[in-house]
Structure formats: structure tokens, C-alpha cells
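Letters A, B, ... mirror the listed sequences (proteins, then strands); counts begin at 1.
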Amino acid sequence: MTEEILNKVYEPDKVEEKWAVFWEKERLFHAAPESTRPPYAMVIPPPNITGSLHLGHALNNTLQDILARWRRMSGDNVLWLPGTDHAGIATQNVVERQLAKEGIDRHTLGREAFIQRVWKWKETSGGTIVKQLKRLGASCDWERERFTMDEGLSRAVREVFVRLYEEGLIYRAERLINWCPRCRTALSDIEVEHEESRGKLYYIDYPLAEEPDQRITVATTRPETMLGDTAVAVHPEDERHRGRIGKKLRLPLADVEIPIIADPAVDRAFGTGAVKVTPAHDFNDEAMGKRHGLPFENIMTPDGKIAETPRTRTFSGKTISEARSAVTQALEQLGLLRKVEDHTHAVGKCYRCKTAVEPFLSTQWFVRVNDPKNSLAGSAIEAVRKKKIRLLPESWENNYYGWMENIQDWCVSRQIWWGHQIPAWYCVGRDVGQCGIDCKEPIVARARPEKCPRCGSADLRQDPDVLDTWFSSALWPFSTLGWPSELQPTPEKRKEAEAMLKTFYPTSALVTSFDILFFWVARMIMMGLHFMKEVPFRDVYIHALVRDAEGQKMSKSKGNVIDPLEIMSKYGTDALRFTLASMASPGRDIKLAEERIEGYRNFANKLWNAARFIMMSLPEESERATGGAGTLSIADRWIQSRLHRTIGSVNQSLGNYRFDEASALLYQFIWHEFCDWYLELIKVDLQDGSEAQKRGTAATLTTAFETLLRLLHPFMPFITEELWAHFPHPGENLAVAPYPQADAGKLDAASEGIVREIIIDAVAAIRNLRGEMNIPPSEELGLSISVDRDQGRELFERNLPYIKRLARVSHLEIGVGLAAPKMAATVLTGAAKIYIQLDETRLNKEIDRLEKGLAKLEKEMEPVEKKFSDPLFLSKAPKEVVAKLDLQRGEMREKKYKMNNDLQRFRGMIDSK
RNA sequence: GGGCGAUUAGCUCAGUGGUAGAGCGCUUCCUUCACACGGAAGAGGUCGCUGGUUCAAUCCCAGCAUCGCCUACCA
């Protein structure tokens, strides 16, 4: 056993890479669909290829890896499918920035060349995150890594698009959408982040066309959009404006006439009760404009400037903010700007570049999510309501319903180049084809059609837009498994895809953070149900966000980002993983402080040193082989029992996704039971025990530690695999060794009771007194133990060596009903009275201590005694509760009596001196 | 505006209808042959505030306060 001497300090960097490479090379995480073992599948939330591992990834993938390793070791056929997301806007932005440094933009490069460039970037830089995931220890089936723009996944995207179009669930329409003027693309509703900002509320006078001295004052936060006003609305029952409804106003600056309309959506209490209506630049006004058949006046260009129209005049070409000050200035000169107030309101920002989002009129593709006959959202709601999918923690369900019930059609087209180009074609240059059919209608097809089926023209142009990135990720749980299998290029691949889908869909669990619940999870549910006729996953475990120690969201601009890679090299991957697992309490954000990680680094080191001790303590292999099984000491039976209780609890906690509980159980057991007590106790056994007992202890020690490594492995895969390799064990690799299962036969309540009540309690009590009275550990104590019955005496006698060694006691006397020696302090444990010899200075100290202790005890007893004098408590409380409390009262009374007794004795001794 | 969550030891957080727990930090002692990334002992909390239900509330209910988050078309 001593062939290798391990270093005193565990050095993670010396073992981690070795095992990561080994696991992958040995294909230990490869899942085969034909296996007969129960399937367990997860798909990774695909990180962006632009990404580098941040703590959110680290948490997300640590939790998934714990589940994957746990289920795999427990005997399941685990598929954890990895991959990355092409991240349309984000990736395009990265490459565009790179181009900008070279002084070119994508338009000079052209679409084809630009896309080539992005692919090239992906080849060189897109693999970073995958390498980092491997370093984290993620036990994915790396042979099945996917990318959202893979050929197979792109095929799935086209198939889904075409089918939805054919079913009428995808359509093209002109309407107001969220537009990022910087990215120059449409965004979906949830890609807009709302941010409170301090702005102004401008009060502007609009003169009546017929009576220019009569004016209506409107209040707006965006004066520049007045150039696009096509009405002013008031509430139909508003006394102030009633007579004016239907009259015309002269819109200042634009110099056109607009009507005053009545609409109940107007809030009479806000501003002046009159609101300008700009249907082309405000979502409210769009709805109002449609209700009243108002014209839509677009006054903006796609890059967020004032367009050139008859209305915009001198303002055209100005940016929004330039236009705002120019318009207010012009109004002021005309005497039409009545007042300006401070006003805070929410401004929509692009989630990628934080530019203010503009409501913008344009033609886009939409997914109809609540079609009355075929409601994607409706089925998705039902799946959760009927518990086909569990959201964990459950509290997220309300959020989910709230969002899904108010969901609007999903704008899926984006005016960028990097992504899945929309499979729709148009006849070039023809509004109406030869056949007389309107050829503005797109031809939606799986592949480029040879000619227009309506007019026969071969001059077709594909829709330049690409699909929202989340469109392809919505298909992730089945597209990655090979759907649609019938479109696979070869019979073998077809068969493989069919098998994969059959075995692993629906997947078992999805682990994700709540910020993409709607971006991704809800859409996967909609698409999965629609195309697979089955939910995409059973459990959705929603974890928190990782924040810094102050609770701030980590961001590069704040400079409070903790880089998990730095943490891994400083403290080890296992320490980081264990920290994240231990902090993953449901429904609470994680505030990560470095000290915590340090603590778990220490834990890893503790384990390492326990292993060193065990290796040194065990006899040579040759000796171990001979001499039979051996007998177990009380410590052996105790640790076995404790171990199997822990095994049961850990399995249970993992089954409930309580990673925090499971890691706390492991930490507590390994450090405070296995190391603090068991290893200390068996020092006695291994030194003084019989040969048979030494063999038994050596065997128990080995088995317990080996089991413990298996139990801990999902949390700390590297150090456990490394240590396991040094120990005798069944099987080849820890990563695929069986996960411990609780064995009721190993539970031993009697031994647990003895170790707890006889050994640990006595040792702790003696140590406590030693500490209180400053008796140095080097000074050996003399003491007597008094028990009530012979049985107790026997128990103590049998365990005397443990107590003597752990409490550092030299001479010890045991008896039934022993009287206290002349100068001795008493400590009570549940099983005995322990007397410790004192001298005079210590006697004084002890008197002092007893006085304080008594005062405290009396205070503690007060509420308990009070209860027993309450007749209502005695009559109404359950019997067990009364009994339990009575027992406590008895103990406290006895303790008090004993302390009083001692106190008087000691005082007497001092006085008589 | 609506919804959700939080408020427990100096800090970060578990937890339970029956005299409060962990880790870190702190204090004291100890370099005893696994580990100073260690060992032993200890201090420290009217469990946000106010009411209610109950024999009993940190836990259940109501209100309030503070702080987060989500969501929303008061321009």
C-alpha cells in the first residue's frame, strides 16, 4: 500500500487534465441507443460559440454533470448531449467588430464572403467553450457534439419552418416590431430589456385647425415622433375635451391636419388627458391606429434616423436624440412647448447591444403561437398543468403561466446574415407573374425551387433574412437526436436517428437558469409537443443566477466578474464544483465569495490527507490477503451504519435535485464523522486490537473509504478518481463504478447509540471541561466515571481505550454510583457522571464557571417550567410533545441540582481552608 | 401598475408548529507521528416590524417596512 507516497497537499493541476483526457479517450460517456439499461437523457443548454466559460455555465454544467454521473453510476444509460449555439446576432457582432478593426464592413465583403468569414472564425475560436466544459469535467457524450448550424440541424430547421408555414402557423406580415437601429434587425419581444430611466415629459400645444388660438396640450416622452402623429386621442367621457372630438388639429412642424379622436384606452388622469397618436412608432398607438383606421406615417430609417418625408423637412437625417432636441427647440420658438417635467419610465434596450429599441414598421415572419385551432402556447400550458412537465422549483409555474397566457406572436425573422436563411423565395422583379398571380407571395420550400410554381419564372431570389437564433434552439431536444430521421442522408444514419429518438426522447431532465425560461424552455415545449407529439423533457430544474459577493450581477463593465478558469487553477475544479453544488439552493441567487471556494479546497485536501493516512495505516497487500475476514470493532460497525445512512440521504437529495443538501451531507459525513471520529477511533483499534480485529478494521476502512469515493465522485470527479486509482477497488474506473446504494443490513442503531452516548459524549464533555479550565492537552487527566447500572459500567469499560486516547486521560476509575472525590468537578453526559480531579486554583475557576452556568441554565429553564404550570398546555398538547419536554425538564433539573451541589461543595472547601 | 421572492449568528446561507443550525470569520489553547488548506474548546441570534390563529409561532394568516427579481402599451 505504501508503494506511492502522496504529497501532503493535494495539487489539482497535476491530476485534472489527465483524467479529463482519459475519460474521453476511453469513451466512458458514450451512450448507445440499443442498450437495455433504462435511458436517462439530458441536452446541454448550448452555450454560444462566442462564449467563454463564465460562472453561470460552470454552475449549470456542474449540476448537469452531477446528475449525469450519478445516474450513470446508478446504472442508467446516460446520454448527455453537448453542443453549441450559433448565436446569430452575438456572433455576427463579434466578427463585425473584428472586420471593423481591419477597416472593412460586412457590406463591402458581401454576404457569401462574410458568412465564410464567420465559419472561419468559428473554426478557430468557437471551440473555446467546449474545451472549457471538458476541463470542468462535464461527462458529455462528446462524440455526439452538435452545432445549431450543422447540416442535420439546419435540415430540421427548414423542415419545421415549411411544415409550420403549411399549417398556417407561420406567416409574413407588416406590423410594428421591436427594431434595434444598431443591429439593424427586428427583435422578438423578449429580446428587449426594459430599463428604468430618467427622462422628461414634454407638454406640447397643438392648435385647432379652424380656431388657431384654441389649443390642445398633449404630453409625451418622445416629442420627435410627433412628426409621425396621425391623430390626438382623448377619453370619450372626458369633460375637458368632449366638444372637440372630431375636430381637426394642425400638427406643428409637420404642417398637416390630424383629427381628434375618442378612445377609452386614454387615461384621463395622465398628463392632460390628451395623447398624441403615432401609429408607426408606438405599440399603443399602433393598436389605436388600427381601431380607428388611422394612416401609419413612418418617419424613421432602419438605422434610426429621421427619414425624408414631406412631414420631416429640416429634421430628416438627424438621429433620434438630435431630432428630439431640434424638435423641442423649434416648438419652443413657436411658443408651443408649454412645459417640461422630469419623468421616469421604462425604455426598451436591445439585449445584445443595449441600444434603445425603436418600435418600427416592417414586414417580418411570425410564428402564430395561439392559433385557436392549433395553439402552440395552449398545448405548452396544458403540458405543465397536467404535470407532463415538472418545473422545479414549482414556484416558477405561475411565472410560466402568466407569460404563456399573454404571449404574442413570435417574430422570427432577423435582418442579419449569420443564421438559418429563411427557406422562402420570391420571383424577382415581378409583382404579378405571367399567370396573373400575385408573385409577391413567397414560395416556401425545403430547397430552392427551380421555378416559380405560379408563374414559371426561374428568376427566384431567396428571402435575405435569417431566423431568430432561438428558432433553432427550440428544436434542440429532438433535432440533436437526428430528427427528422426520414431525411437522414443514408440508411445507416436513418436507423441510428430512429433509435436515438426512440430511446432518448423525451429527455429526462433539463437544467437551466431562469433567464432563458421563456427564450428557450417555453419554445422547446411548444415545438416538442407540436412535432414530436410529446413533451421534450420531464423535469425542468431551474437554478439561480450567480452573483458576486455583493449580490451584483457579474458583468464585464462592472469588473466584478469571477473567472471560473482562474478559480479552477487556483483552487481546483473539484473545489469550484463543490462550492456551486453546495450553494444551489432552490429559488435563491448565489452570491459567490472566494472564501467559500477556499473552504471546499480545504475539504478536498482533507480528503486527500485522509487517504494518505489510510494508505499508511493499512497493512501490506500480502498481509491483508491472509488470515480470513476478521472481526469488526464498535467503530467499524458505527461508521458502516453512518455511511449507509448517508448513502440513503444523498441518493434521496439527488432525486429531489437538492444538490445543496447532498453536498452538505457529504461534507458533514466525510469531515466530521469519518475523519474527526472514525479515523481517530481506529487508531486505537489498529494499534491495540487483536489480529482478527485489525484485519476487520482494515477491511472496513478500505471498503468505507472506497464507497465514500464513489459517493462523492459526481461532485468531485477528479480527486476521487485519482484516489480511487490508489486503492483496492472492484471494476476499472470510478466514473463508471456503481453508485453506492443504502443497505439496510449495514444499519446498526445499537452501535450508533454506543459511539454517540458512551464515547463521543464523554470525550466531548471531558474536552469541554479541559478547555473551560485551561488544562493544557499535554497534561494528562485523572478521572472517575460513575454510572447508574452495571450495564453502563460494562459499556464504558469496553470502550475505555477510545476515551482515554481521545480525551487524553491517564488514569481512570469506573464504578456504579461512585461518590464524588473531594476536589472534583462533575460533568454530566446522558450515560454517566464524570468526575475530574481539581486543584485549588482550578477550584476557584470552576466556582466562577458554575455560577455563570447556573445563571444561564435558570434562564433557559424558565420558559419550560412555565409551560408545565399551564393547564392548557398539559391538556391540549400532544402526549409525545409533553413527554419530550418533560424529559428535557428532568435533565435540566438534574443538571441544575448537580451544579448547585458542586458549587456548594467547592465553596465549602474554599471556606474551610 | 401587476406578480413573485427575500428579510434567521459579524458575513454567506440551510431549516422546523414544540427551548435555533452549517460554512466562513472571530476568541482561547495546541506544531501529539493523515492533514496548520490542520486539531480541540468557545463566544455570538427577543429568526425585519405590528397584529391574528394556536396550549404553543422563527415557521400558518393579515397588514407594514426594506431589498431584489420578473412583468407591463400611463403616452
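- Figure legend. B:G23 is base-paired to B:C11; pairs are counted as Watson-Crick or G-U wobble with both atom distances under 3.5 Å.
- Side-chain atoms of A:Ser585 lie closest to B:C13 of the nucleotides B:C70, B:G18, B:C13.
- The partner of B:A40 is B:U28, judged by Watson-Crick or G-U wobble contacts that both fall below 3.5 Å.
- Distances from the side chain of A:Met583 to the nucleotides B:U12, B:G23, B:G39 place B:U12 closest.
- Residues A:Ile836 and A:Val827 come closest through the heavy atom pair CD1-CG2, 4.1 Å.
- For B:U28, the OP1/OP2 oxygens have no side-chain nitrogen or oxygen of A:Arg767 closer than 4.0 Å.
- Between the side chain of A:Arg612 and the base of B:C35, no donor-acceptor pair of N or O atoms lies under 3.5 Å.
- Residue A:Lys866 places none of its side-chain N or O atoms closer than 4.0 Å to OP1 or OP2 of B:A56.
- Between B:G39, B:A72, B:C55, one nucleotide has an atom nearer to the side chain of A:Lys606 than all others, and that is B:G39.
- With respect to A:Arg893, the salt bridge (Lys or Arg N to Asp or Glu O under 4.0 Å) criterion is satisfied by exactly one of A:Glu860, A:Glu858, A:Glu865: A:Glu865.
- Listed candidates were B:A34, B:C35, B:U19. Nearest to the side chain of A:Val864 is B:U19.
- Taking every side-chain heavy atom of A:Lys884 into account, B:U19 is the closest of B:C35, B:G23, B:U19.
- Taking 4.0 angstrom as the limit, A:Trp396 places none of its side-chain polar atoms (N or O) nearer than this to OP1 or OP2 of B:U71.
- The shortest distance between the side-chain N/O atoms of A:Asn768 and the OP1/OP2 oxygens of B:A40 is not below 4.0 Å.
- Ranking B:A36, B:A14, B:A40 by closeness to the A:Lys8 side chain, first place goes to B:A36.
- Shortest non-hydrogen contact noted between A:Arg596 and A:Ser582 is NH2-OG, 3.5 Å.
- Across all strands shown, B:U54 forms no Watson-Crick or G-U wobble pair with both distances under 3.5 Å.
- B:A6: Watson-Crick or G-U partner is B:U66, with both key distances under 3.5 Å.
- Comparing B:A34, B:G18, B:G38 by their nearest atom to the side chain of A:Ala610 picks out B:A34.
- With a 6.0 Å radius and a threshold of 12 heavy atoms from other residues, nucleotides or ligands, A:Lys290 has its NZ atom above the threshold.
- A:Glu680 contributes no side-chain N or O that forms a donor-acceptor pair with the base of B:A40 under 3.5 Å.
- The side chain of A:Leu872 approaches B:C55 more closely than any other nucleotide in the set B:G18, B:C55, B:A34.
- The A:Asp267 side chain lies nearest to B:C74 when the options are B:C35, B:C74, B:G23.
- Comparing B:A75, B:G42, B:C37 against the side chain of A:Asp282 picks out B:A75 as the nearest.
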